[in-house]
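Report on one structure; see the data block that follows.
Computed from a prediction, not measured in an experiment: that's the story for all the values here. A, B, ... follow the sequence lines: proteins, then strands. Residue 1 opens every chain.
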Amino acid sequence: MDKRLERILPRVQKPARYVGGEYNAVMKNKDEVDTRIAFCFPDTYEIGMSNLGMRILYGVMNNIPGVWCERVFAPWGDMEEEMRKAGMPLFALESGEPITNFDMVAFSVGYEMAFPAILNMLDLAGIPLHSAERTALTPLVFAGGTAMYNAEPMADFLDLVSLGEGEDLTVEIVELHRKARREGWTKQEFLREAAKLPGVYVPSLYDVSYNDDGTVKEIVARDGAPKVVTKRIVQDMDKAYFPVKTIVPSTEIVQDRVTLELFRGCIRGCRFCQAGYVYRPVRNRSRELCAKYCIASCDDSGYQEVTLSSLSTSDYPPLTDLCDDLEEFCAARHVNLSLPSLRADNFSMNLMQRLAKGRKSGLTFAPEAGTQRLRDVINKNVTLDDLLESCRTAFAGGYSAVKLYFMLGLPTETDEDVLGIADIAARVMHTWRESATNKNRGVRITVSTSWFVPKPHTAFQWEPQISKEEYERRVKLLREAITTKTVTYNWHDSDTSFLEAVLARGDRRLCKVMETAWRKGAKLDAWEEYFSLDRWLEAFEECGLDPHFYANRVREKDELMPWSMISSGVTEEYLWREHEKAYEGITTPDCRTHCNGCGANKMVGGKCDV
Amino acid sequence: MSKLRLLFVKEAQASYISHLDLLRTIQRAFPRAGLNISHSQGYHPHPIISIVLPLPVGQSSDCELLDFEVTQETDGRGIADKLNVGMPCGLRVLDCYEAKRPVKELAFLQAELEMEYDSGVPEGAAEKLRELFARDALIIQKRTKRKELADVDIAPMIKEISFTEKEGVICADVTVQAQNPGLNPALLEKAIIKYLPECAPNFVRVRRKRMLDANGEDFR
């Protein structure tokens, strides 16, 4: 072990996250590999190791002969300080070596608030921040993940962006880069070739000009780069790589269990939900394979908890059958199955009986809005009766805690909608009184509201975020309307949601703001401990840009969006149609009921696997 | 149902695994070795597994002991090899056998402290250290479980101690009380800082070498 590291570790919190050596971490002989990849997650170990995409691509890359892919996470503040003091560059967990001279540095970026951590990690690694400053072919800095559907605020720093699901595309990028190194291409030559790979977006090959009002005037693709880059997907989930043999961290992480991915995509079409649009179309993994992977993963990892994961797990057609298939195994091995969140309209007694048998803590439902009118606007096709019926089932089955998630500031929201949330909580309380089997245990109802952040590639991408003052007024309105003691109300901090709204739909002029904010100390901004809006407001001021222009402005139908060169497969016409239907309060049925023609079906040859 | 004991090494990266994380880590290794750990009865069954003498984070050990119960009938033979296939770096099982001796018979702990001096070992440091640890009382401040500072005399808890000097390093071979109350050998550094600040090392590496019973024989 590095002597400097050995001296630092006793002084930092949770040192186990900085040493690697976990079961199933991939070790290779560096003399036998020709490609070193630093696979970075711009957040802490506990968060990054909980990410399924990270585990999949780690396996995929390490399965390429001659390639050694190692993990890198953002150090917590105390560790960063110690590393900088000791002059220790950012290192990879497997080899313990600095990543400065690795061939490729890849980032998995799931959320906008992680952007500053990317800059901080590059800096800690001693790698120049700007793509233009990195003139050599190595290290190549690239990124993928959901936040990259609008990569513009990071355009200056990334050499290329890998769009959509990375199982195939990552391998193509790695192989092309390997070829470029072998044949001595320049970085420019490589980037021009890479731009020809479907799903690769090379920001430097696109020139963006602006109108006087600050909106994007034109985006011009150069040097043969495609005008529009469409995301990549895995065609057949039964042939997709699944990390059965995966790293078991020796220290507790956030999702410390087997994550079994049942399907990708979502049939629902909630109009605010970016994941619901960009992960289309729906592709199921077969029940047989899911069961096989579940057992094999538990056998290998020793985990005793399995999350049946997807965007909306209760929509997996053979869900109860799958639970039945696994029942015997789970009982014999003390394995618990859990679901990430539930839809209130198809949670059944059948399903409940198959979940956690002993411990019945709480269930989570996300009605998202307080009235049927507003739920129709956002196309969350759940009714109050659905919700109460699900709660009744849960309470009757012995559950004594329910969490309800809502958003404030959704398009067209009125005070009536806000107060509707309090009404729902009261009715859930009433339902508990009617149906609870054991009233002595009491009930805990938790209402949580977040501040709606309009996201690119959704039906609400044209929408403004409401002002901070208005958001806080609605929080207060709701807080005062919730009078029952058994109902706890939590609301999300407004500053982070505001910045998220700015970055989510930002253009490349934000790169300058990003760098300025980072120089002022922005790093782990997904963490309240480190986030400061003032720092960002100063950065905007210094760069002569207005954050409200990005967050709070109504965008017109014909406005050219900064992310227009990126396609999720869903057409902009469809998004606009959904946008208009929202204002008319007309719902769109789920994809299983009938195809609504979003365009994503073209990615799987015309017919989705719903 | 068998009551078993593991003897294992914890070093390098694994020395940073905390007590609770170590329990989780080893517990997950059992099914990989085909072992079915027994669970407590009741509404929230938990696996029956315990570490005989938890090792402070950052220290290494050649002699960690862990007790557990499995539903199978076994005397433990062959289990060490099976477990070693699925262990993280720095954890290595040396032996697995039926747990016969009660933990209360564990009396002493032998440890080695490697004290590093970046600008060389101070003149006569080894001799001064010998004299220091020959004193009848060595009072240091220690955090209690209630997070308050309390004065503790560590001298009576040190059974034997010797010092040898190598290049830039002084090695202390120390035998301390293991329990009721036990002494964390790392606290010796505190005494040095307090009484012999000129001999305070820049860094101390601690490694448990042996667990001993009251007669000074290996406790297994």
Side-chain angles (χ1 to χ4, degrees), chain A residues 1-27 45-46 93-96 245-253 256-258 295-305 329 331-336 356-361 398, chain B residues 10-49 56-60 71 82-92 114 116 118 168-169 186 189 201-206:
Chain A
M1 183 180 291
D2 186 290
K3 284 252 188 303
R4 288 172 298 181
L5 185 60
E6 192 187 20
R7 292 226 178 157
I8 287 173
L9 289 177
R11 290 195 293 268
V12 301
Q13 290 174 49
K14 303 187 196 165
R17 54 188 165 171
Y18 305 115
V19 295
E22 308 93 320
Y23 170 64
N24 277 343
V26 176
M27 296 304 289
Y45 179 91
E46 298 92 307
L93 284 185
E94 279 73 4
S95 64
K245 207 171 160 53
T246 185
I247 293 172
V248 181
S250 311
T251 181
E252 198 172 18
I253 58 170
D256 212 1
R257 54 189 74 100
V258 169
I295 293 170
S297 302
C298 289
D299 277 346
D300 185 73
S301 65
Y303 274 124
Q304 292 181 306
E305 195 179 345
F329 170 79
R333 288 278 296 279
H334 298 272
V335 169
N336 267 319
K357 297 232 157 41
R359 199 179 297 257
K360 278 184 188 133
S361 48
Chain B
K10 186 172 186 272
E11 62 185 0
Q13 289 112 312
S15 58
Y16 298 98
I17 303 176
S18 70
H19 173 63
L20 285 177
D21 285 337
L22 181 68
L23 285 176
R24 264 192 287 267
T25 298
I26 293 188
Q27 197 185 312
R28 284 173 191 154
F30 286 133
R32 292 178 214 141
L35 287 172
N36 205 350
I37 191 148
S38 304
H39 284 70
S40 63
Q41 301 299 307
Y43 199 65
H44 298 314
H46 59 86
I48 298 175
I49 172 170
V57 173
Q59 300 187 9
S60 304
T71 56
K82 281 191 204 160
L83 278 174
N84 281 332
V85 177
M87 283 289 181
C89 289
L91 284 183
R92 198 170 69 252
E114 244 178 63
E116 291 185 349
D118 292 347
V169 172
E189 186 190 6
N202 296 87
F203 185 71
V204 180
R205 211 173 277 122
V206 182

Given side chains that start at C-beta, do those of B:I37 and A:H334 come closer than 4.5 Å, heavy atoms only? no
Name the region of A:Q304, side chain, backbone, both or neither, that has any atom closer than 4.5 Å to a heavy atom of chain B. side chain
Taken to the nearest 0.5 Å, the spacing of A:E6 CD from B:S15 OG works out to 8.0 Å
Name the region of A:T251, side chain, backbone, both or neither, that has any atom closer than 4.5 Å to a heavy atom of chain B. both
Note, A:Y23 side chain near B:R32 side chain (heavy atom, < 4.5 Å): yes
Who among A:M27, A:R17, A:R7, A:K14 has the most heavy-atom pairs with chain B under 4.5 Å? A:R7
Distance (rounded to the nearest 0.5 Å) between A:Y18 OH and B:Q13 CD: 16.0 Å
Side chain, backbone, both or neither: which part of A:K3 has an atom under 4.5 Å from a heavy atom of chain B? side chain
Residue part contacting chain B, namely of A:N24, when any heavy atom lies under 4.5 Å: neither
Are A:S250 and B:Y16 close enough that some pair of their side-chain heavy atoms sits under 4.5 Å apart? no
Check each atom of B:A29 against the heavy atoms of chain A and say whether the ones under 4.5 Å are side chain, backbone, both or neither. neither
Look at atom NE2 of B:H46 and say whether more than 12 heavy atoms of other residues, nucleotides or ligands are closer to it than 6.0 Å. no
Quick check on A:R333 against chain B: is it the side chain, the backbone, both or neither that has a heavy atom closer than 4.5 Å? side chain
Examine whether an atom of A:A25 lies under 4.5 Å from a heavy atom of chain B, and if so say whether it belongs to the side chain, the backbone or both; otherwise answer neither. neither
Let me know if A:E22 has heavy atoms under 4.5 Å from chain B in its side chain, its backbone, both or neither. backbone
What closest approach, in Å, do A:P15 and B:V57 show between heavy atoms, and which atom pair accounts for it? CG-CG1, 4.0 Å
Residue part contacting chain A, namely of B:V85, when any heavy atom lies under 4.5 Å: backbone
